[in-house]
**Q** 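Take this structure, written in structure tokens, and hold onto it; I'll ask about it next.
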Amino acid sequence: MRTALALSAITRRPVEVVKIRAGRKKPGLLAQHLTCVRAAQLISGAKVEGAQFGSSRILFQPGEIRGGQFTFDVAEERGSAGSVGLVLQTLLPMLTFG
């Protein structure tokens, strides 16, 4: 999903991701995934459907990537520590085009 969001924003092509974490003990979006989606949404001006905790599907329709200073809190969602490295996997490719 992280790579799909980044490539979608860079190419400005919509992407639908389904069966997110299917078959896992806790399927669907977790804290770091939501941070990735919301950060990518902010940076690219995207319209997003399905960005909520536990969702197994998102639709991401990016706009134009913009540069700037951004702050994202991985632990904000559900009090999870999340993974900053995984969030960076989404954002760094996008921000090189900002």
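These figures come from a predicted structure and were not determined experimentally.
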**Q** Hydrophobic clusters here meaning ILVMFWY residues chained together by side-chain heavy-atom distances under 4.5 Å, can you tell me if Val17 and Leu86 are in one?
**A**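 No, separate clusters.
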**Q** Taking side chain to side chain contact (heavy atoms under 4.5 Å, CB included) as the definition, give me every residue that meets it alongside Glu64, ordered by chain and number, with sequence neighbours left out.
**A**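 Only Arg12 meet the side chain to side chain contact (heavy atoms under 4.5 Å, CB included) criterion with Glu64.
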**Q** Is Ser55 reaching over with its side chain to a backbone N or O of Ala51, donor-acceptor style, under 3.5 angstrom?
**A**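 Judged by distance alone, no pair lies under 3.5 Å.
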**Q** Apply side chain to side chain contact (heavy atoms under 4.5 Å, CB included) to Phe70 and list each qualifying residue two or more places apart in sequence or on a separate chain.
**A**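 In terms of side chain to side chain contact (heavy atoms under 4.5 Å, CB included), with neighbours along the sequence ignored, Phe70 is linked to Leu42, Ile43, Arg66, Phe72, Leu95.
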**Q** Could you work out, with side chain to side chain donor-acceptor pair (under 3.5 Å) as the rule, every residue matching Arg57, not counting sequence neighbours?
**A**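 Testing Arg57 for side chain to side chain donor-acceptor pair (under 3.5 Å), a comparison that skips the adjacent residues, returns Glu16.
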**Q** Nearest 0.5 Å, what's the CG-CE distance between Leu88 and Met94?
**A**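 Output value for this atom pair is 12.5 Å.
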**Q** If you round to the nearest 0.5 Å, how far is CD1 of Ile20 from NE2 of His33?
**A**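 Taking NE2 in His33 and CD1 in Ile20, the distance rounds to 8.0 Å.
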**Q** How long is the straight-line distance from CD1 of Ile58 back to CG of Leu5, given to the nearest 0.5 Å?
**A**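 Going from CG on Leu5 over to CD1 on Ile58, the span is 4.5 Å.
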**Q** Please report the closest heavy-atom contact between Thr90 and Cys36, naming both atoms and the distance.
**A**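 Answer, listing the atom of Thr90 first, then Cys36: OG1-SG, 3.4 Å.
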**Q** Kindly say whether Arg13 contributes a backbone atom to a donor-acceptor pair with the side chain of Ser8 at under 3.5 angstrom?
**A**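 Side chain of Ser8 to backbone of Arg13, a donor-acceptor pair under 3.5 Å: yes, one is there.
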**Q** Give a yes or no on whether Ile10 and Leu92 share a hydrophobic cluster (residues Ile, Leu, Val, Met, Phe, Trp, Tyr; joining criterion: side-chain heavy atoms under 4.5 Å apart).
**A**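 Cluster IDs for Ile10 and Leu92 match.
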**Q** Please name the pair of heavy atoms, one in Thr11 and one in Leu7, separated by the smallest distance, quoted to 0.1 Å.
**A**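 Nearest pair, atom of Thr11 first, then Leu7: OG1-O, 2.7 Å.
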**Q** Nearest 0.5 Å please: distance from the CG atom of Leu91 over to the CZ atom of Arg2.
**A**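 So the CG of Leu91 and the CZ of Arg2 are separated by 11.0 Å.
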**Q** Under a 3.5 Å distance rule, please check whether Arg21 uses its side chain to pair with a backbone N or O of Gly28 as donor and acceptor.
**A**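 Yes; at least one donor-acceptor contact below 3.5 Å.
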**Q** Is there a path of hydrophobic side-chain contacts, each under 4.5 Å between heavy atoms of I, L, V, M, F, W or Y residues, that connects Met1 with Leu30?
**A**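 Yes.
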**Q** Can you name the closest pair of heavy atoms from Ser44 and Ala9 and give their distance?
**A**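 Answer, listing the atom of Ser44 first, then Ala9: CB-CB, 4.0 Å.
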